[in-house]
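This report concerns only the one structure given below.
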Number of protein chains: 2
Amino acid sequence: MSKIKILIVEDEPVIAENISLYLDNNDFEVSGIAYDSEDAMQQLKENTPDAVLLDINLESDTDGIDIARYIQEHYQLPFIFLTSYSDRITLERAKQVKPSGYIVKPFNERTLLASLEIAISNHAEEANHALPKLVMEKVNRQLHSPLSEREFELSQMIYEGKTNTQIAETLFITVNTVKTHLKSIYLKLDAGTRIEVIRKLQQAMLR
Amino acid sequence: MSKIKILIVEDEPVIAENISLYLDNNDFEVSGIAYDSEDAMQQLKENTPDAVLLDINLESDTDGIDIARYIQEHYQLPFIFLTSYSDRITLERAKQVKPSGYIVKPFNERTLLASLEIAISNHAEEANHALPKLVMEKVNRQLHSPLSEREFELSQMIYEGKTNTQIAETLFITVNTVKTHLKSIYLKLDAGTRIEVIRKLQQAMLR
DNA sequence: GGTAAAACCACCCATACGGGTGAGCAAAGC
DNA sequence: GCTTTGCTCACCCGTATGGGTGGTTTTACC
């Protein structure tokens with residue numbers, strides 16, 4: 001499982017590069033930087049990002065809000081607006097497209113990360129491919145030995161309250177195999193019961 | 001188990017009454033309204049509130065922050081500051097006494113409730129008597145048949161990941177009795193396993 | 001005085017769960 | 001070619017869990 005891919009839509013190269021650098025050093029991966037709406041649409045198609053960071057004011061271009069509408073119609077992706085405090089009027093218009101979050105410039109790096117995470121968590125609709133990735137990144141970063149993809153898949157089903165038999169059925173494996181995976185998970189998460197697994201996953205998300 | 005008792009410290013009667021009315025219609029109960037620090041200290045002793053809503057600027061009085069310090073020293077209660085956006089300077093001082101939360105005037109009713117709940121949840125230290133009450137209020141309001149106090153107590157221990165045997169030991173009852181209570185809980189919460197109980201409690205807290 | 005709810009306990013039984021051990025197979029890396 | 005890692009499966013065993021049924025006692029309310 002790869003990291004969460006973010007598309008940055010920002011016409012100010014300095015800002016874009018800064019964000020890009022910082023995100024790459026954390027749970028995220030920058031799938032690309034778009035400087036105008038045409039760029040953005042192209043990259044949405046080619047790079048299949050998991051979320052979009054979107055500057056509301058693109059000097060050289062039509063409104064960033066138009067791009068947001070485009071994303072809403074053609075993709076089901078969470079998008080976060082970059083905006084400045086002074087820009088109250090566009091903010092009102094921005095609210096109408098219901099972004100997953102706002103980040104107000106100037107922002108520090110902690111704010112950026114936190115806002116992204118919250119936005120992705122809030123965007124908990126049907127096709128939120130980013131959320132599991134986010135959880136896995138955060139969990140594994142806190143483990144000596146990281147969970148494999150399969151193990152993480154099992155963990156999620158544990159989290160959802162599934163029984164071993166149910167897990168076995170949906171994954172088309174035997175209960176014995178489920179148990180074997182569980183043992184590995186318990187070992188890595190330092191847990192003894194499925195409830196402890198749930199607690200650990202929750203704790204990981206809070207950090 | 002009674003509702004969460006809130007002491008309001010606010011010298012503007014209109015505001016105080018408004019808050020009072022609104023809280024009484026929800027998960028909270030107003031234990032009293034204090035108009036100055038003397039009032040406040042008196043009521044803290046007599047009414048044993050679970051949390052305090054505290055206006056920073058009491059015109060007629062010494063600083064509301066002093067009252068906060070008093071609460072910290074003599075009681076272990078979460079307190080939430082009422083403040084206005086314009087009042088940045090006192091806010092800086094207010095941060096130093098580490099309140100459980102702020103509410104910025106003007107606020108709407110939803111904000112008030114949400115802030116109170118968050119504040120009480122955050123104040124999750126040693127002697128937070130309010131948190132369980134809050135959860136129970138919220139859970140029971142969503143049930144056809146409410147949980148008894150004992151059942152809620154059991155639910156909490158389930159939530160903490162305790163096994164039936166552990167619960168039996170800490171409550172000085174037999175495992176058989178624990179199971180009997182659990183059956184009632186499962187019935188009322190419409191759950192089949194302890195993990196479902198955890199999910200239901202979590203869901204209830206999000207509403 | 002009767003009724004209902006709450007808290008307590010017991011017994012039975014089937015299934016689920018967690019721990020221990022061992023093992024086959026394929027892909028990736030050295 | 002060998003090793004490691006990940007995924008798969010099997011068997012055993014003891015304890016935990018959930019469901020069913022029935023019982024006593026105390027408290028509160030009508």
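The analysis underlying the following values was restricted to heavy atoms, covering all of them including side chains, and did not include hydrogens, waters or symmetry mates. Chain identifiers are assigned alphabetically (A, B, ...) following the order of the sequence lines, protein sequences preceding nucleic acid strands; residue numbering begins at 1 within each chain.
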Please state whether the phosphate of C:dC17, meaning OP1 or OP2, lies under 4.0 angstrom from any side-chain nitrogen or oxygen of A:Asn164.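 So the side chain of A:Asn164 is within the cut-off, an N or O lying under 4.0 Å from OP1 or OP2 of C:dC17.
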Dump the intermediate steps for side chain to side chain donor-acceptor pair (under 3.5 Å) on A:Thr177 and A:Thr174, then the final yes or no. CA-CA 5 Å; A:Thr177 307; A:Thr174 69; 3.1 Å; yes
Answer whether the closest heavy-atom distance between the side chains of B:Val30 and B:Ile19 falls below 4.5 Å.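 Contact flag for B:Val30/B:Ile19 side chains = no.
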Integer-rounded Å distance: [N] [atom2] and [X] [atom1]:
X: A:Glu153; N: D:dC7; atom1: CD; atom2: C1'; result: 12 Å
X: B:Asp190; N: D:dG19; atom1: CG; atom2: P; result: 11 Å
X: B:Ile167; N: D:dG18; atom1: CD1; atom2: C1'; result: 14 Å
X: A:Phe152; N: D:dG6; atom1: CZ; atom2: P; result: 16 Å
X: A:Gln166; N: C:dA16; atom1: CD; atom2: P; result: 10 Å
X: B:Arg194; N: C:dA16; atom1: CZ; atom2: P; result: 16 Å
X: A:Leu182; N: D:dT8; atom1: CG; atom2: C1'; result: 14 Å
X: B:Lys179; N: C:dC13; atom1: NZ; atom2: C1'; result: 10 Å

Could you tell me whether a side-chain N or O of [X] sits under 3.5 Å from a main-chain N or O of [Y], the two making a donor and an acceptor?
X: A:Arg194; Y: A:Lys162; value: yes
X: A:Asp55; Y: A:Val9; value: no
X: A:Asp36; Y: A:Glu38; value: yes

If a protein heavy atom is under 4.0 Å from the base, mark B; if only from the sugar-phosphate, S; if neither, -; do that for nucleotides 3-9 of chain C going 5' to 3'. ----SBB
Side chain of [X] (C-beta onward), nearest among [options]:
X: A:Lys183; options: C:dG19, D:dA16, C:dC17; answer: C:dG19
X: B:Thr165; options: C:dG19, D:dG18, D:dA16; answer: D:dA16
X: B:Tyr186; options: C:dC17, D:dA16, D:dG18; answer: D:dG18

Considering non-hydrogen atoms only, spot the tightest contact between B:Thr165 and B:Val175 and give its length. CA-CG2, 4.3 Å
Could you check whether A:Arg199 makes a cation-pi contact with B:Tyr159, meaning its NZ or CZ is under 6.0 Å from the centre of the six-membered ring and within 45° of the ring axis?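 Yes, cation above the ring, under 6.0 Å and within 45°.
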